[in-house]
Amino acid sequence: MRTSTRVVVIGGGIAGCSTLYHLTQEGWSDVMLLERNELTSGTTWHSAAQVTNFGMNQTMVGLKTHSIQLYKELAEDPDYPINYHHADGGIRLANTEDQMDGYRHFASMARGMDVHFEVIDAAECARRHPLISTDNLLGGLWDPLDGDIDPAQLCQALARRARKAGAEVHRNTPVTGLRQLPDDSWIVSTDKGDVHAEIVVNAGGYRVNEVGAMMGVHHPVASMEHQYFLTEEIPAIREAGHRMPLLRCPISDYYCRQEKNGLLVGFYEQDCKTWGMDGIDPNFVNALCPDDLDRVTDVLEGAFARMPALMDTGIHTVVNGPITYTIDGAPLVGPIPGKRNAFCIIGLRAGLGEGGGHGWLLAQQIVHGEACYDTWVIDPRRFTGHTNVELTALKAIEDYQNEFRFHFPHEHRPAGRPVKTTPLTPVLAAEGAAFGVVNGWERMEYIKPAADFHEDYGFRFNNVFDIVAGEVATVRNAVGLTEVNGFNRFEMTGSGVHDFLDRMICGSVPRRAGKVGLGYLLNEQGMLKSEATIANLPDGRVWYGSAAASECHDMDWLQGHLRKDEDVQIRSLTNDHTILVLAGPKSRDVLQAVSREDWSRAAFPWLSVRSCFIGIAPAVVMSVSFSGELAYEIHLPNNQLYAGYLALRRAGEAQGMKLFGSRAVESMRLEKGYLHWKSDILTEFDPFETGLARFVKMDKPDFIGKSALENRGAAGPRKKLVSLILDNTDAPAHGGASIMIADTVVGTVTSGDWGHRVNANLALGFVDAEFAQIDQRVEIDVLGSRISAQIIAPGPYDPDYTRVRA
Ligand SMILES: Cc1cc2nc3c(=O)[nH]c(=O)nc-3n(C[C@H](O)[C@H](O)[C@H](O)COP(=O)(O)OP(=O)(O)OC[C@H]3O[C@@H](n4cnc5c(N)ncnc54)[C@H](O)[C@@H]3O)c2cc1C
């Protein structure tokens with residue numbers, strides 16, 4: 001065993017083997033995998049090992065496509081062929097029109113990744129799967145490439161190829177300790193001695209938190225017991241003359257695939273069970289939990305009703321094993337928050353299907369700093385600080401119980417809520433607020449018209465449409481007040497702050513006290529990393545503000561680029577302050593009534609910041625607007641938030657002020673063409689492609705990403721972000737929808753909503769540069785219908801910015 005290596009991967013299941021293999025593919029051969037027992041002796045060995053192409057966003061679809069292509073290549077390797085039932089096909093069933101709408105959207109989204117799902121009716125489902133009944137069935141989503149693989153052979157094949165490329169694999173070598181050295185490299189302790197590694201990767205499966213504890217980290221991953229059974233032979237399968245497609249059922253929560261000439265049926269029962277919450281027996285190796293089919297009776301009935309042949313078939317084996325879940329159901333693949341040179345690939349609940357792709361994206365991040373797709377949906381830094389064991393378990397249970405029931409747009413499920421609140425949360429609730437969740441924060445979405453109002457979740461405009469229209473009208477015509485909690489806010493102090501920011505941001509950085517500016521941070525490849533509002537407070541402090549979930553991500557990026565001799569201190573105020581946004585033409589009058597400062601346009605123009613009192617509450621106020629109306633962000637310390645709120649409410653009465661929520665903000669920001677981080681601002685595009693050229697200063701001496709941008713310049717943009725107006729009125733274009741010309745996909749929607757002030761169905765999306773011209777007509781696949789749309793100039797509402805500057 002080498003005593004020094006670039007990367008130690010801890011764990012030899014699919015996650016570890018795939019990471020190791022892909023590191024060698026990215027050019028790093030001096031890498032090592034340490035496995036405490038035999039390869040695949042955790043969850044991987046007993047996996048049902050279904051390999052689907054289905055995902056709910058393009059990153060997941062893309063990484064699964066990579067898995068499928070890789071597994072096919074491995075299966076066809078003449079030296080070491082492995083068993084892979086590729087392209088048996090699979091159906092996700094549905095019995096409501098809303099589910100069918102979801103499938104129509106996912107099919108539109110996947111087409112942009114060159115993945116071709118089909119939405120089929122009930123009769124077609126039965127034609128393709130001769131064992132199923134069509135009772136209580138509307139149809140389903142057909143994934144032509146669905147299949148299953150031999151998990152042990154897959155891992156052995158990956159390890160074999162990695163070894164051939166120079167990697168070391170050590171079995172029966174438990175990692176017992178991790179110690180970080182001052183240069184951020186690691187000492188990895190094992191019972192066979194220490195290994196010095198530049199980078200470590202936690203791929204410990206259900207032992208993720210044993211490995212995490214060695215580096216002082218708790219990962220939001222919990223294990224659930226999960227069962228499937230294998231049946232005796234079913235004559236109808238042999239008679240069918242083809243392999244049965246896979247089934248996944250959100251109506252009765254089971255999946256099913258062919259195993260030999262019988263079936264494998266797995267269950268997601270409501271009466272489910274966490275596993276290993278109080279520690280895991282060190283001898284739980286190649287092991288299973290006791291069978292407990294009584295627990296899954298509810299689900300069994302649904303599976304039997306759909307496949308009556310099961311009733312006449314014996315069960316010969318039951319498998320019950322631990323499967324890992326995270327807070328939001330997606331795995332954690334990427335840098336470990338708050339650590340240097342430490343990555344993880346954990347919380348995989350469909351690791352066999354996804355593992356090939358996750359290992360690929362992780363290896364790219366380790367070697368190049370960024371992957372080919374924007375990886376935010378799987379980034380471990382997307383949760384900030386609130387993800388303890390108890391919350392993780394509650395969300396894991398909820399997610400398990402809803403395994404195949406995707407979230408509808410705006411649906412926020414109830415488990416573990418509220419997690420993060422401000423003193424205003426109960427006050428707003430009493431006012432009738434409906435809340436969504438943003439990184440754990442309860443964020444007001446709109447004010448309900450009645451206490452018993454419930455949103456009809458779906459992919460089409462629904463019963464919240466008119467409510468949002470009303471809130472937008474208030475903001476446009478008078479003044480509205482909303483709370484923006486959890487907004488990321490770093491306070492930066494020290495003599496080097498502006499020079500530091502100048503290096504980090506690709507455009508001008510405001511240096512004058514009292515000024516606010518918007519800036520963009522690029523990665524080394526010149527792609528968009530972050531968006532930040534920089535505010536120079538009059539007393540010399542600098543506030544760096546960014547999206548609500550970006551705290552760990554941005555802190556990591558900023559701290560990682562601080563030079564040792566630089567006089568810059570960064571501390572997070574995210575949990576200490578909350579923003580109240582006052583927006584609308586009468587917002588100045590309200591502000592003037594609660595504060596003794598001069599709020600005139602001359603004294604406090606657009607993009608200014610000052611400290612003041614709002615009533616008796618100390619505040620920092622910025623004249624910035626995300627709505628396109630004259631607006632003020634009022635940053636209040638949480639202990640005086642209510643005092644500030646009361647003062648504003650009282651002063652607002654004379655101006656007809658009402659509360660508005662984040663749904664109105666979303667509509668208004670689209671009308672202005674303002675972008676959302678990680679919807680429209682992605683690491684897959686540079687600032688020119690994203691329409692942010694005015695925020696790039698190529699004549700600055702240097703900034704991170706500058707040389708990459710210069711090199712890219714000659715090639716010109718590949719795609720461009722454009723604003724679109726759609727001809728339909730029944731549904732928005734959801735993020736991911738395909739933009740087409742004839743039968744060719746020319747782009748992808750990033751966000752869409754109704755613009756109530758311009759009275760139009762609006763969207764933003766990236767389209768191939770050659771088509772990115774104003775007035776270009778395209779079609780957008782909205783829920784299976786080709787909707788005619790036109791590219792328009794960005795920000796159709798008040799294009800001259802007269803209202804924000806009023
Ligand atoms: C019943 C069941 C059915 C499933 N069906 C499917 C399916 O159909 N499709 C699908 O995609 N997924 C399925 N899954 C999920 C899938 O099996 C897992 O997501 C996947 O196996 C997880 O792989 P892993 O590498 O993350 O973890 P593991 O396979 O658990 O590997 C982790 C490895 O880390 C090692 N390790 C831990 N601690 C240390 C240490 N200190 N030092 C060294 N090594 C250490 C362990 O020994 C282990 O080998 C199923 C899971 C279950 C339970």
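First listed ligand is number 1; within each ligand, the first listed atom is number 1.
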Any non-hydrogen side-chain atom of I82 less than 4.5 Å from a side-chain atom of D150? no
For a 4.5 angstrom cut-off between non-hydrogen side-chain atoms, does V31 reach I199? no
Is there at least one pair of N or O atoms, one from T44 and one from ligand 1, spaced under 3.5 Å apart? yes
Numbered atoms of ligand 1 (with element) below 4.0 Å of L348, judged on heavy atoms: 18 (C), 19 (O)
Identify, for atom 47 (O) of ligand 1, the protein heavy atom at the shortest distance, and state residue, atom and that distance. E35 OE2, 2.6 Å
Sub-4.0 Å atoms of ligand 1 with respect to non-hydrogen atoms of R207: 37 (C), 38 (N)
Do any nitrogen or oxygen atoms of A48 come within less than 3.5 Å of a nitrogen or oxygen of ligand 1? yes
for atom 41 (N) of ligand 1, nearest protein heavy atom and its distance come out as V175 O, 3.1 Å
Table please: side-chain donor-acceptor pairs of residues 4-14 below 3.5 Å, with sequence neighbours left out.
| from | atom 1 | to | atom 2 | distance (Å) |
| --- | --- | --- | --- | --- |
| T5 | OG1 | D30 | O | 2.8 |
| T5 | OG1 | D30 | OD1 | 3.0 |

In the structure I gave you, are the side-chain heavy atoms of M113 and Y373 within less than 4.5 Å of one another anywhere? yes
Backbone or side chain, does any N or O of A350 fall under 3.5 Å from an N or O of ligand 1? yes
Do ligand 1 and G353 have nitrogen or oxygen atoms that lie under 3.5 Å from each other? yes
Below 4.0 Å from any atom of ligand 1, is there a heavy atom belonging to G266? no
Does a donor on one side chain and an acceptor on the other come within less than 3.5 Å for N53 and T65? yes
Find all atoms of ligand 1 within a distance of less than 4.0 Å from any non-hydrogen atom belonging to G321, and give their numbers and elements. 53 (C)
Can an N or O of H226 be found at a distance shorter than 3.5 Å from an N or O of ligand 1? no
Structural part of Y255 in contact with ligand 1, heavy atom criterion under 4.0 angstrom: side chain
Please report whether ligand 1 has a polar contact with R36, defined as an N or O pair separated by less than 3.5 Å (distance criterion only). yes
Below a 4.0 angstrom heavy-atom separation, can you tell me which part of R349, side chain or backbone, both or neither, approaches ligand 1? backbone
Atoms in ligand 1 with a heavy atom of G204 nearer than 4.0 Å: 32 (C), 34 (O), 37 (C)
What do we get for L34 next to ligand 1 when only non-hydrogen atoms under 4.0 Å count, side chain, backbone, both or neither? backbone
Distance alone, cut at 3.5 Å: any donor-acceptor contact between the side chains of E403 and Y325? yes
Proximity to ligand 1 by part of P151, non-hydrogen separation under 4.0 Å: neither
Starting from the C-alpha separation in whole Å, work towards a yes-or-no answer on side chain to side chain contact (heavy atoms under 4.5 Å, CB included) for D148 and D88. CA-CA 8 Å; D148 70 273; D88 284 351; 4.3 Å; yes
Nearest-contact summary for atom 25 (O) of ligand 1 - protein heavy atom, Å: A15 N, 3.0 Å
If we only consider heavy atoms of E210, is any one of them less than 4.0 Å away from an atom in ligand 1? no
For atom 34 (O) of ligand 1, the protein heavy atom that lies nearest, with its residue and separation: G11 CA, 3.1 Å
What do we get for Q50 next to ligand 1 when only non-hydrogen atoms under 4.0 Å count, side chain, backbone, both or neither? both
Less than 3.5 Å apart, any donor N or O on the side chain of Q364 or H368 sitting next to an acceptor on the other? no
Is the NZ or CZ atom of R92 positioned over F54's six-membered ring, under 6.0 angstrom from the centre and within 45° of the axis? yes
For the 3.5 Å polar cut-off, considering only N or O atoms, please tell me whether S47 and ligand 1 meet it. yes
Ligand 1 and L352, any nitrogen or oxygen pair closer than 3.5 angstrom? yes
Judging by distance only, is a nitrogen or oxygen of M214 under 3.5 angstrom from one on ligand 1? no
Closest approach of L348 to A15 (non-hydrogen atoms, all atoms of both residues): CD2-CB, 4.2 Å
With distance as the sole criterion, is a donor-acceptor pair present between the side chains of H116 and D114 under 3.5 Å? yes
Looking only at distance, does G351 have an N or O less than 3.5 Å from an N or O of ligand 1? yes
Would you mind telling me if ligand 1 is within reach of the side chain of P322, the backbone, both or neither, using heavy atoms under 4.0 Å? backbone
Does the side chain of F383 come within less than 4.5 Å of P337's, by heavy atoms? no
Determine whether K72 and L145 make a side-chain contact, defined as any pair of heavy atoms from C-beta on separated by less than 4.5 Å. no
Within the structure provided, determine whether L263 and L131 are in side-chain contact (heavy-atom separation under 4.5 Å). yes
Using ring pair (Phe, Tyr, Trp, His ring centres under 6.0 Å) as the criterion, point out the one residue from Y255, F404, F229, Y254 that pairs with F267. F229
A203 neighbourhood, listing ligand 1 atoms whose heavy-atom distance to it stays under 4.0 Å: 32 (C), 33 (C), 34 (O)
Is the shortest heavy-atom distance from the side chain of H129 to the side chain of M244 under 4.5 Å? yes
Could you list which atoms of ligand 1 come closer than 4.0 Å to a heavy atom of G13? 25 (O), 29 (O), 31 (O), 33 (C)
Can you list the ligand 1 atoms lying under 4.0 Å from a non-hydrogen atom of I10? 40 (C), 42 (N), 43 (C)
Indicate whether any N or O donor in one side chain lies under 3.5 Å from an N or O acceptor in the other, for S185 and H196. yes
